[in-house]
Number of protein chains: 4
Amino acid sequence: MKAVVFKAPYELSVENVADPKIEGPLDAVIRITTANICGSDLHPYEGRANLDAGMVLGHENMGIVEEVGPGVDRISVGDRVSVPFNLACGTCRNCNNGYTSACLRANPSGQPGAGYGYPMMGPYWGGQAELLRVPWADFNLLKLPEGKENESDFTMLSDIFPTGYHGAEMAMVAPGKSVAVFGAGPVGLMAAHSAFIKGASQVFIVDKEPDRLALAEEIGATPINFADMDPTEAIMEGTDGFGADCGIEAVGYQAHDHTGEEHPEMVLDNLVKVVRATGHIGVVGVYVPEDPGATNELAKEGRVAFNYGEVFTKGISLMGGQCPVKKYNRELRDLIIRGKSKPSWIVSHEVSLDEAVDAYAKFDKREDGYTKVLLHP
Amino acid sequence: MKAVVFKAPYELSVENVADPKIEGPLDAVIRITTANICGSDLHPYEGRANLDAGMVLGHENMGIVEEVGPGVDRISVGDRVSVPFNLACGTCRNCNNGYTSACLRANPSGQPGAGYGYPMMGPYWGGQAELLRVPWADFNLLKLPEGKENESDFTMLSDIFPTGYHGAEMAMVAPGKSVAVFGAGPVGLMAAHSAFIKGASQVFIVDKEPDRLALAEEIGATPINFADMDPTEAIMEGTDGFGADCGIEAVGYQAHDHTGEEHPEMVLDNLVKVVRATGHIGVVGVYVPEDPGATNELAKEGRVAFNYGEVFTKGISLMGGQCPVKKYNRELRDLIIRGKSKPSWIVSHEVSLDEAVDAYAKFDKREDGYTKVLLHP
Amino acid sequence: MKAVVFKAPYELSVENVADPKIEGPLDAVIRITTANICGSDLHPYEGRANLDAGMVLGHENMGIVEEVGPGVDRISVGDRVSVPFNLACGTCRNCNNGYTSACLRANPSGQPGAGYGYPMMGPYWGGQAELLRVPWADFNLLKLPEGKENESDFTMLSDIFPTGYHGAEMAMVAPGKSVAVFGAGPVGLMAAHSAFIKGASQVFIVDKEPDRLALAEEIGATPINFADMDPTEAIMEGTDGFGADCGIEAVGYQAHDHTGEEHPEMVLDNLVKVVRATGHIGVVGVYVPEDPGATNELAKEGRVAFNYGEVFTKGISLMGGQCPVKKYNRELRDLIIRGKSKPSWIVSHEVSLDEAVDAYAKFDKREDGYTKVLLHP
Amino acid sequence: MKAVVFKAPYELSVENVADPKIEGPLDAVIRITTANICGSDLHPYEGRANLDAGMVLGHENMGIVEEVGPGVDRISVGDRVSVPFNLACGTCRNCNNGYTSACLRANPSGQPGAGYGYPMMGPYWGGQAELLRVPWADFNLLKLPEGKENESDFTMLSDIFPTGYHGAEMAMVAPGKSVAVFGAGPVGLMAAHSAFIKGASQVFIVDKEPDRLALAEEIGATPINFADMDPTEAIMEGTDGFGADCGIEAVGYQAHDHTGEEHPEMVLDNLVKVVRATGHIGVVGVYVPEDPGATNELAKEGRVAFNYGEVFTKGISLMGGQCPVKKYNRELRDLIIRGKSKPSWIVSHEVSLDEAVDAYAKFDKREDGYTKVLLHP
């Protein structure tokens, strides 16, 4: 089959590799119809995550079931399905508790949590390819309505829509609440969208890219360009000095100020300032336990020197982590089916698998308005 | 002051009565700007609740603070406020737990729960009048933005908007869920509206009045006229045979079939049929512990012979009761302020206090499209 | 193998039947070490549930894994395991949500929920036998510490300990709460024990059997013999007239007064009287959607004419249904391991499989202090 | 009246000051029967918090109501009461939501949260005195049973028992969970006790003081002396390498290693290591938004450079802050009344008010086994 293969930092190729096949009784093989490029695919692309040459990339996948193992009986050949980016066994303690993001058995390394297209998440090839093997298929796959409708909406169900929603959930967004989202990349936009789905009365969103802020404004969020103004002042003013009820971090450890300098603690510090006492912060921007390439000594060890004293004094709760996609994807799918959600509004480009190398390069440089790219094998 | 006074069943008058005044240090007196007629005002009107002649009616009140007692320091003269229909002390165990609907101290009878305009809810005059005394004013009153904007929206905050929302809350409506609402009176309509605020993907609403169903359709609900079809079949079909995740009862013990015959167990039975196993039912339609005027022996004792065996077998949770308004009114107010909710869409008539007698008569007979009536003193 | 086989009402035999074997890749076969007789085994025994001749009885099972199918990789041959009485697929929507009690796929009849030893719960033989086939073994089985320690404690994990705990959970028992349990059979005793585990300050327990009440008293509960006194008065007095925070129903539709007359609504009525306004009731006593053998017309249709008007007026929540064992069994196991719980205190008899016929007969007649019987094949 | 008055760091005196009196209609004056010295009283004592000379110390108070204002009608003269250390208005948004720890109106500075005996918590004298003025008395005071029984248990209800419990609550301790508590001072001991009340199967507690660890062992906790061993290794080993479900921080920003060197991030780092992926940490040890006296530049600004990257990767929730005492004190009182809790087991000394100066000095130096000191005026 054809697949997007990692060769070296900034060097991918679309080439023929061996077809994945059923390896165990609970496996399925999916014929990919859409695979998205994710912002986190840029970490290995830029050489910031160790990826072995030869790995097939991609963890935002959907398609049609091509073949199933003898132990698969919920999912059938021909089903149209979404593939959650976290790959989970369905029977361990964490899976039992709904934390498929911390499956204790799927990652041979012993670390909780497994996924596609990253060596540290297990030996599972990604789905930017024609075919994808999915272990524990009955547990992992979400059925979608037959046909081709809403393809570019449903494709958001594998990762960024649930991930944004997870941010809103951990921030305890509820009807009437005010929400401050930092970061208007695809995940931040999905967090803002999710906050409205959950009934927020007002959503502020902070970024420095006018095109992303414009996408946020389309769904009713209040854009704040931190290149132009102090975002904490803007939010405090917009909440009559009270602060927002909920804060969502959708940036991560590579946060940089408008001059481009990295400040890992900057976004958390800002959130703590604008979220009111007794409020809640949900973190979906990625922080890492070690970052050998960082310039800062603390950051190398995963330390983030934010004002935790203020967090404590204000009694703010701080929840974060990888999204357990299965916890949310069924209900989000139903919102799409019923026309209550249309997450495809952020899609900027849809290209064929053959164009993937070029799409990566442009997405990495944020050229030509590359916000969210879908690959169609 | 002028007030709507109960004289006898089907006999009200608008007449002059003594002005309410500050009786204790925590009282406030409110100059009423809007007081709604509620469906439950028809119980005493029709003689189905014992009301003493001379009582001033009305528990859906808002206005401007006219005077405060010496212990009131959060609320000030001139504040525009909504008055929750449940009157609560703010310091008893139930108030501490957020159940202002079951205040242990405000009702001298010793029954949990107090309110305006009903002798069994305590000796508190109603607000269909020029002035209203509010005890424990700092605790009970909700501040509104100054001015006159959104008056017919904010007036829903004293009772029916939170009450409908309470139904959705107890039914555990959440993003993506399907919801079946029985009853499209003002509370049922607010329940449907609240279900969408909470992110429902689909809301079915059952009634036999086309004008009410039309109001529900305006906000995107799926109307089901039970005079024309079996509502349980319609909902099962609309959910692909699975049933709805959530059910809301907005009818109460006076439920009657399309021929007009009363069947107190009918709505609960229907809900149990259409709500899926492990689903949730929230009950805001009123059921009473005794109903001496009922024709049925069981109903006289408050007994409702619904299929509880089915409830158990399906593992459905059943929550119900009077809404603790303060639990919700602040957030619902903020949704109105931010333009995310416009509950006034159900208002059919706005009249002066002098026209109240006529309005009651027409509302009771459902004449001239009387759905929701606002009185402006 | 040897097994307890149902022949006809009041007629069982211990006889040789074909060994169960691996039928699908996810099956395991367990060598039973302990299988309990449950109160609900008496329903078919007494002919009150339709059971086909030839069915092997028993749904409270534990043992050692004897063989596993090729798709089983969490559980290994030789593991000591507890088998939850609800048999669940692990991949349907209800299983995903933790409701293994309402699995949508395990019962071929299409009804939610499957189990062992009951034709209406699916074609799965029970475990009062030497061997038991367990489908979806990786999902269903709970690992226990190796060896033989705590056998008579761990055997409670398959049903009644989690079931009693589920009652306490649905009644929202929490530290400091007062609790009223109706029924001091094995499940009621486990509910009382669970209420203390959850931190209750006081637990009342109502029954008419002195030996059961004595077992309750051993763990600190306050026994109330309703043959001697009005239990509602006793509980109101014991809570200074306030009522209990939480109520647990552990009796079911066959509730009878101290003269032996059946009153399906009696226990619910009593609970509604003694649970305080805004309190919570958890129902684990079984109610059925239809009971053709009942003498009462309402009861035949599963209708229970309790005072729902009072439930509404007091704003009491009412949750009930079959326990999803997996939701609780791991944590309860850990309490046993750490010596914090010893549910075996209720065991009255331990006998060999050969003595099962006699044990059933005596348990059915409550002879010789038969409270809880363990069979050891 | 006689009172403990702050003069200067390390300089207190017991002297006569003006009697507090009713200043507003909602005030009460309490005759103190017991006032405890709290570890946080040592911050001003040591000069680490700015306290004005003349302030009366003490925020852990109980006594008998001596006089009430005209607006007080729930509490009566003669009532025995516990005074929560957080002083709250009962009518602001945060009080409505149960966060009396973040009352928006009681502290004239405008900071959320007020209390006794600290200028930054408002102008309210403490209760290490014969009398104490309590504003909003009906809202703030908890009634206790008449008499003198359980005085040294009930006195824990004003602060440390609820505070320890709050730690267990935020750490989501529940039946069967394993818990790691860092810090075995009075709050840590109450956290361990609370963890068992909530049903923990195992509680590890880490400190370096053998007498405190011995107190923890008395209630069944597993003591770990970090002067003797690496506490993270001990806990990982004690949980079979899995980690604890829940972690409680009961140390705070002045954490120091066994050599006495301060490491503000040390305890959080250790907790993150020992709490399992998807676990929960509750922080009740105090962290401050600025600490001008700190030696470390980060600490001066309230920054705590712990491994937040690890927190994110493990998906651990982190909640913390001042305890809202009213949320818990009623239920904890009932556990004491019913004999289910006896928090006085940690009391080391009970002395008269006249001996307070000496008691402070000894408590500060941890002399003579001073663990928890009660003053009886």
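Chain letters run A, B, ... following the sequence lines, proteins first, then strands; residues in each count from 1. No hydrogens, no waters, no symmetry mates; every other heavy atom, side chains included, goes into these values.
- The parts of V304(B) that come within reach of chain C are both its backbone and its side chain, each placing non-hydrogen atoms under 4.5 angstrom from that chain.
- Interface remark: Y99(B) contributes side-chain atoms only to the contact with chain C (heavy atom separation under 4.5 Å).
- With a threshold of 4.5 angstrom between heavy atoms, N94(B) approaches chain C through side-chain atoms but not through N, CA, C or O.
- For T278(B) against A102(C), the heavy-atom pair with the smallest separation is CG2-CB, 3.5 Å.
- Listed here is the closest heavy atom pair of S317(C) and M319(B): CB-CG, 3.3 Å.
- With chain C as partner, the option from N97(B), V284(B), V272(B) having the largest number of non-hydrogen pairs under 4.5 angstrom is V284(B).
- You'll find the side chain of L298(B) reaches within 4.5 Å of the side chain of L298(C), heavy atoms only.
- Taking the six-membered ring for Trp and thresholds of 30 and 60 degrees, Y287(C) and Y308(B) have ring planes more than 60 degrees apart, a perpendicular arrangement.
- More than 12 heavy atoms of other residues, nucleotides or ligands shown are found within 6.0 angstrom of CD on E46(B).
- D269(C) touches chain B through its side chain: at least one heavy atom from C-beta onward sits under 4.5 Å away, while N, CA, C and O do not.
- Minimum interatomic distance between R93(B) and F242(C) (heavy atoms only, all atoms of both residues): NH1-CE2, 3.0 Å.
- Comparing G285(B), G113(B), P289(B), G321(B) by how many heavy-atom pairs each has under 4.5 Å with chain C, the most go to P289(B).
- Per-residue counts of heavy-atom pairs under 4.5 Å with chain C were compared for I316(B), V311(B), L318(B); the largest is that of L318(B).
- Using a 4.5 Å cut-off between heavy atoms, E265(B) contacts chain C through its side chain alone, with no backbone atom that close.
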